[in-house]
Amino acid sequence: GPGLWTDGHNTKTLYEDNVVNDNTEPGKFHEIGCDDIIRNNNDKRNGFSYTGWIDGAGILVGDSPNVEIYGNTVINNNDGIAAKQTNRDIANTQCETATKNLWVHDNYIEMQTGQTGIAGTPIYSSNRFDRNTYKLGSSDGDFYRWGELPLLDASEWRATGHDVNGTWK
C-alpha cells in the first residue's frame, strides 16, 4: 500500500523529513484532510502497481484543500507529485472535500514515466505549481496533467501558468 497515508478528517497534518521508498502504491497519500504541509521528504520508486491516472505518485493529495508541498525530493516514482479531485460527498468531515489552494513549490522531481499535476474536475484556479526543478526521462514527453486537458509537455505546462519559475535539467 502507500508508504504513509492519512485518510479522512485530518487537519494540520505535517509530513516532514521522511524517507519513503519502494511501496507498491503512492509514497505518501494525503486524502480528505485540510490545512496540511508535506515538506523535506525523500520519496523514491513508489507507485508501480498503478498504470493509469496519477495514483502512483511519490506524493499524492486527494480531495483536500489548503495543502502546501515543498522542499521534497521525488525520484523515479510511477508519477511525480500529483493531486486528484474526485468530487466525493463525505458526511461529518472537518474539511471541505475539494482539492483547492494546493501550492506545490521548490521540489526536485525526477520522472522517467508518469505525470505531475492534477487529475479530475473541477480544477480550481487557486491550485499552483512553481519553482520546481524537473529532470525528465525524455525532453519531448508529456509529463504533466491538468484536469481534463490532454497530457502536456513542459512548454504546454508552463503555458497553463505552472512552473513559470521552474527549472528543467
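Hydrophobic clustering keeps Leu151 apart from Leu149 (ILVMFWY residues linked when any side-chain heavy atoms are closer than 4.5 Å, directly or through intermediates). Note: the hydrophobic cluster containing Ile54 does not contain Ile32 (ILVMFWY, side chain heavy atoms under 4.5 Å, direct or indirect links). In this structure, Val164 is not a member of the same hydrophobic cluster as Ile118, with clusters built from ILVMFWY side-chain heavy atoms closer than 4.5 Å. In the hydrophobic clustering of ILVMFWY residues, with side-chain heavy atoms under 4.5 Å counting as a link, Phe143 and Leu60 come out apart.
Taking every heavy atom of both residues into account, Thr99 and Lys84 meet most closely at OG1-O, 2.8 Å. The two residues Gly80 and Ala57 have their closest heavy-atom pair at O-CB, 3.3 Å. When all heavy atoms of Ser126 and Lys100 are compared, the closest pair comes out as OG-CB, 3.6 Å. Considering all non-hydrogen atoms of both residues, Gly33 and Cys95 come closest at C-SG, 3.6 Å. Nearest approach of Ser49 to Glu25, heavy atoms of both residues: OG-CG, 3.9 Å. Nearest heavy-atom pair, Val61 versus Ser64, reported as atom, atom and distance to 0.1 Å: CG1-CB, 3.8 Å.
The line from OG1 of Thr97 to CD of Gln85 is 7.0 Å long, rounded to the nearest 0.5 Å. One distance of note links CG of Asn78 with CG of Asp55; it measures 9.5 Å at 0.5 Å rounding. Atom CD of residue Glu148 and atom OG1 of residue Thr121 lie 5.0 Å apart, to the nearest 0.5 angstrom. Between the CG atom of Leu136 and the OG1 atom of Thr116 there is a distance of 8.5 Å, given to the nearest 0.5 Å. Annotation: the span from Leu152 atom CG to Arg158 atom CZ amounts to 13.5 Å, rounded to 0.5 Å.
Taking 4.5 Å as the limit, some side-chain heavy atom of Leu4 sits within range of a side-chain heavy atom of Asn18. Looking at Val20 and Asn42, their side chains never come closer than 4.5 Å, going by heavy atoms from C-beta outward. A 4.5 Å side-chain heavy-atom check between Arg131 and Tyr70 finds every atom pair outside the cut-off. Side chains of Asn41 and Thr73 form no contact here, defined as non-hydrogen atoms less than 4.5 Å apart. You'll find the side chain of Lys44 stays beyond 4.5 Å of the side chain of Asn76, heavy atoms only.
Checked by atom type and distance alone, the side chain of Asp36 pairs as donor or acceptor with a backbone atom of Thr13 at under 3.5 Å. Under a 3.5 Å cut-off, the side chain of Asp153 and the backbone N or O of Ser155 do form a donor-acceptor pair. Remark: the backbone N or O of Leu102 is paired with a side-chain donor or acceptor of Asn127 at under 3.5 angstrom. One N or O on the side chain of Asn10 and one on the backbone of Gly8 form a donor-acceptor pair closer than 3.5 Å. Although no hydrogens or angles enter the test, the distance criterion places no donor-acceptor pair under 3.5 Å between the side chain of Asn66 and the main chain of Cys34. Using a distance-only test at 3.5 Å, with no hydrogens or angles considered, no donor-acceptor pair links the side chain of Asp130 to the main chain of His105. Put simply, the side chain of Asn107 gets close to the backbone of Asn72: a donor and an acceptor are under 3.5 Å apart.
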**Message:** For Phe129 and Trp157: C-alpha separation, side-chain torsions, deciding distance, then whether ring pair (Phe, Tyr, Trp, His ring centres under 6.0 Å) applies.
**Reply:** CA-CA 10 Å; Phe129 289 70; Trp157 176 246; 5.1 Å; yes
**Stepwise side-chain contact (heavy atoms from CB on, under 4.5 Å) test for Ile69 and Ile81** = CA-CA 9 Å; Ile69 302 171; Ile81 296 177; 4.0 Å; yes
**Asked** Where do His30 and Tyr15 land on the ring pair (Phe, Tyr, Trp, His ring centres under 6.0 Å) test, with the steps shown first?
**Response** CA-CA 9 Å; His30 182 70; Tyr15 301 83; 5.7 Å; yes
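Of the charged side-chain nitrogens involved, none lies within less than 4.0 Å of a carboxylate oxygen, so that Asp17 and Arg39 do not count as a salt-bridged pair.
Using modelled atom types and a 3.5 Å distance limit, the side chains of Thr86 and Asp63 yield a donor-acceptor pair. Side-chain contact check for Thr11 and Asp35: no donor-acceptor pair (N or O, by modelled atom type) lies under 3.5 Å.
Among the candidates Thr24, Asn77, Asn21, the single residue satisfying the side chain to side chain donor-acceptor pair (under 3.5 Å) test with Asn46 is Asn77. For the pairing with Lys28, the side-chain contact (heavy atoms from CB on, under 4.5 Å) check across Ile38, Asn23, Thr6 returns one residue only, Ile38.
Scored by the side chain to side chain donor-acceptor pair (under 3.5 Å) test, Tyr134 finds Asp163 as partners (sequence neighbours excluded). Partners of Ala154 according to the side-chain contact (heavy atoms from CB on, under 4.5 Å) rule, which considers only residues two or more places apart in sequence or in another chain, are Tyr144, Trp168.
Under the 30°/60° scheme for interplanar angles, the aromatic rings of Phe29 and Trp5 are found to lie parallel.
With side-chain heavy atoms closer than 4.5 Å counting as contact, directly or through intermediates, the hydrophobic cluster containing Tyr108 also holds Ile75.
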